[in-house]
Amino acid sequence: MSDADSRIQIISLGGLGEIGKNMTVIRYQDCILVIDAGLMFPEEELLGIDVVIPDITYLFENKDKVKAVLLTHGHEDHVGALPYLLKEMDVPVYGSRLTLGIVEGKLKEHDLSDKNLHIVKPRDILKLGPFEVEFLRVSHSIPDAMGIAVHSPLGIILHTGDIKLDQTPVDGQVVDFRKLAEIGEKGVLVMMGDSTNADKPGFTMSERVVGNTFDDLFGKCEGRIIVTTFASNVHRIQQVICTAQKYGRKVSVVGRSMVNNVKISSELGYMDIPEGILIDMEDINHYPPDQVVIVTTGSQGEPMSALTRMATADHRWVGIEPGDTVIISATPIPGNEKLVAKTVDLLFRQGAEVIYEKTMGVHVSGHASQEELKILLNLIKPRYFIPVHGEYRHLMKHAKLAESLGIPRSRIFVAENGQIIEVGKKKASISGKVTAGKILVDGLGVGDVGNIVLRDRKQLSQDGIMIVVVTINKDGGDVVAGPDIVTRGFVYVRESEQLIEDAKDKVREALDVCAKKHITEWAVIKAQIRERLGKHLFEKTGRRPMILPIIMEV
């Protein structure tokens, strides 16, 4: 066996230097395991894009080698891209009961079979090719979250998944410290650790803290209470329901993803919903305001979410009224701060009392802060360490934490998506790169919107479009009709008649030049029109609209 054959390759196809689209590949010889398949929500500059998924070209190229997809938990940034992967590859998928319950709903939306889904429990062990895969229970902001220990011929590779060391979780399912210690005792070759909160000092507060805050707030509120949180935060929703019951309030769940998750969690036994406490949103107005709690989506200020539509008085059933208390039980994902601030402003304008400050204790993170990360690193004591799941600053902070605990810098790899980290028993290095990046999903199109289309969208959004229509005689090349000009998003035509007339003159000049030079190729004529007209419009307006010449022959 060559030295290269006796090495393990670890490749992140997403999740490094970004929040979202987490996907990790572990390869030994001709056997590949994939951990998670997540998506990411688009940033502002990705105009019109619905979601972003990892570029999985590498997996398609090696599809015969992929033995399984292993899921750590059911959040979108870990399972959202799975339907796009399963459309192209027939591979088994392993995850916990709730995780696969959520995945099953996604597969139905994409008209895919759930035949490949296999439920595993903490401490289950799977034999997959040369690997033995062990699942272990961890705490996070969704039930049934797991870490994954891959026992390979060279040693153990531990992936923590998204993790926090919550000593008093709502469901009583504490991190399996005993199993973590046992794995650490055996000796861990590589540890991949959640870095999301690596820049936060101290410990992350327990989820139960939020329950106590809800208790205080619900006791003081006299009107309706509207709570918004992540649709997947089942423990948070459970605490809202329990507190509502204590204060004699009915609960209405609003927002498609929230309704789906509550339904799935309830059916699978992850939520305990008292008989008769849930009401339909159409019936909210049949109850006095002090007897109603609304749990809704929209904690990130998403334009089409239920809370945003309530704030803009655009929701069919629920409007914001003076006396309502809105509790935003989430912190903005990096990049969403403006959207959240705008929603908060709109809610205040509608007369609501909005509670959103971190200091109010209405939200705690699902990720470990610095002191917890130190405990994990000290417990595991890995030979090599790879910080994952976070923007670049988070990865660097986590790397420095590991270094402060005695792991040599040469054994810590702050990598980028696509880089191959080759690990042997005695040494490890970054040895190359595979295709990795973003695939943009717009409607039903997957990957058909690229940089050129986005550039056009940006230009249209900034400077608008000008369409020039000219009809030319087929035989003589004379202009029979036009030029006619239509604009959208450039200038208000009725107030810019002179500009439009001048633009028509420039088009005529371009056509005259082509006629004198006996140019008959449409592409050249169109280029002439664009060049002359573009220069003129920029001189007159300082703008560069998209110019679209249309030439017709008769």
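Residue numbers start at 1 and run along the sequence shown. What's counted below: heavy atoms across the whole structure, side chains too, no hydrogens, waters or symmetry copies. Treat the numbers as computed from the prediction; the structure is a model and nothing was measured.
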Is the closest side-chain heavy-atom distance between [X] and [Y] below 4.5 Å?
X	Y	value
N116	V91	no
D36	L71	yes
L13	L59	yes
M281	I294	no
V362	Y356	no
P332	Q300	yes
M146	P122	yes
M271	I241	yes

Tell me whether the count of non-hydrogen atoms from other residues, nucleotides or ligands lying under 6.0 Å of [atom1] in [X] goes above 12.
X	atom1	answer
R123	CZ	yes
E185	CD	no
K400	NZ	no
R316	CZ	no
E109	CD	yes

Counting only N and O atoms by type, is there a donor-acceptor contact under 3.5 Å from the side chain of [X] to the main-chain atoms of [Y]?
X	Y	value
D280	E282	no
R409	I412	yes
S266	K263	no
T72	G161	no
K164	M205	yes
S265	V234	no
T160	L158	no
N261	A231	yes
H315	W317	yes
S305	G301	no

Please determine, by modelled atom types, if T204 and E372 share a side-chain donor-acceptor pair under 3.5 angstrom.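 Side chains of T204 and E372: pair found under 3.5 Å.
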Minimal non-hydrogen separation, P83 against K106, with atom names: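 For P83 versus K106, the nearest heavy atoms are CG-CB, 4.1 Å.
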So which atom in D166 and which in E207 form the shortest heavy-atom distance, rounded to 0.1 Å?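 Result for this residue pair: OD2-N, 3.1 Å.
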Sequence neighbours excluded, which residues qualify as side chain to side chain donor-acceptor pair (under 3.5 Å) partners of T168?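 Partners of T168 under the side chain to side chain donor-acceptor pair (under 3.5 Å) test: S206.
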Do N417 and E18 pass the side-chain hydrogen bond (donor to acceptor under 3.5 Å, both in side chains) test, and can you show the C-alpha distance, the side-chain angles, and the key distance before you say yes or no? CA-CA 10 Å; N417 291 333; E18 61 194 1; 3.0 Å; yes
Hey, mind stepping through R97 and D144 against salt bridge (charged side-chain N to carboxylate O under 4.0 Å, His left out) and telling me if it holds? CA-CA 7 Å; R97 207 152 60 98; D144 260 8; 5.6 Å; no
Should the pair H75 and H73 be assigned to parallel (<30°), tilted (30 to 60°) or perpendicular (>60°) ring geometry?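 Answer is perpendicular, since the angle exceeds 60°.
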Kindly indicate, with the supporting measurements, whether the criterion side chain to side chain contact (heavy atoms under 4.5 Å, CB included) is fulfilled by L117 and L107. CA-CA 10 Å; L117 304 185; L107 296 183; 4.0 Å; yes
Criterion salt bridge (charged side-chain N to carboxylate O under 4.0 Å, His left out) on E182 and R178, from CA distance to verdict: CA-CA 6 Å; E182 188 185 301; R178 188 178 294 177; over 6 Å; no
If the condition is side-chain contact (heavy atoms from CB on, under 4.5 Å), which residues does N22 pass it with, not counting sequence neighbours?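 side-chain contact (heavy atoms from CB on, under 4.5 Å) check on N22 returns D77, H78, H389.
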